[in-house]
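For reference, the structure is listed below as structure tokens.
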Amino acid sequence: QVQLVESGGGLVQAGGSLRLSCAPSGRTFSKYAMGWFRQAPGKEREFVAVITWSGGSTYYADSVKGRFTISRDNDKNTVYLQMNTLKPEDTAAYYCAAAGYGTMSSMTRSRSYDYWGQGTQVTVSS
């Protein structure tokens with residue numbers, strides 16, 4: 001059974017940092033692009049960041065550029081999202097996703113992804 005399991009969420013004050021992890025199981029995702037999305041209450045799910053299967057290319061939403069860093073360790077079959085200088089508007093459930101195909105430009109859309117995790121809550125207080 002293919003699974004994506006996120007961890008690392010929690011409560012943090014504005015300006016603080018968190019590191020999210022996504023550890024897929026059931027198969028290797030070394031050949032998949034891996035993305036992070038988030039969804040706040042009353043809002044649609046939005047793209048946060050993506051990294052190619054090789055790790056050679058990354059892309060970020062404008063709202064997180066310069067603050068968040070996506071990375072992956074294919075040997076550990078794990079993808080990370082380092083979140084620095086967190087803001088209250090970053091509060092959301094964060095979801096890990098895997099895409100086995102698609103262009104980089106398509107990776108900002110949820111429908112491009114084949115597998116999703118259950119989400120981990122990030123709450124940033126002011």
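We number each residue from 1, following the sequence as shown. As a basis for the values below, the full set of heavy atoms in this structure was taken, side chains included, without hydrogen atoms, waters or symmetry mates.
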Sub-4.5 Å side-chain heavy-atom contact between E6 and Y94: no
T58 side chain near V50 side chain, heavy-atom distance below 4.5 Å: no
hydrophobic_cluster_shared for M107 and M34, side chain cutoff 4.5 Å: no
Spacing of E46 atom CD and Q39 atom CD [to the nearest 0.5 Å]: 9.5 Å
All pairs passing ring pair (Phe, Tyr, Trp, His ring centres under 6.0 Å) where residues 104-126 contributes a residue, at least two apart: F29-Y115, F37-Y113, F37-W116, Y113-W116
Flag side-chain contact, heavy atom, 4.5 Å: V48 against F68: yes
Side chain proximity check, R38 to Y95, heavy atoms < 4.5 angstrom: no
Pair N84, S17: side-chain N/O donor-acceptor within cut-off below 3.5 Å: yes
4.5 Å side-chain heavy-atom contact, C96 and W36: yes
Path from L20 to F47 over hydrophobic side-chain contacts below 4.5 Å: no
Charged N-O contact under 4.0 Å between K87 and D90: no
Contact check, side chains of T120 and S7, non-hydrogen atoms, under 4.5 Å: no
Partner of L18 under side-chain contact (heavy atoms from CB on, under 4.5 Å), chosen from V122, T123, V124: V122
I51 side chain near Y59 side chain, heavy-atom distance below 4.5 Å: no
Distance in Å, S57 OG paired with I70 CD1, rounded so as to fall on 0.5 Å steps: 12.0 Å
Flag side-chain contact, heavy atom, 4.5 Å: T69 against L81: no
Smallest separation among heavy atoms of M104 and T52, with atom names: CE-CG2, 3.7 Å
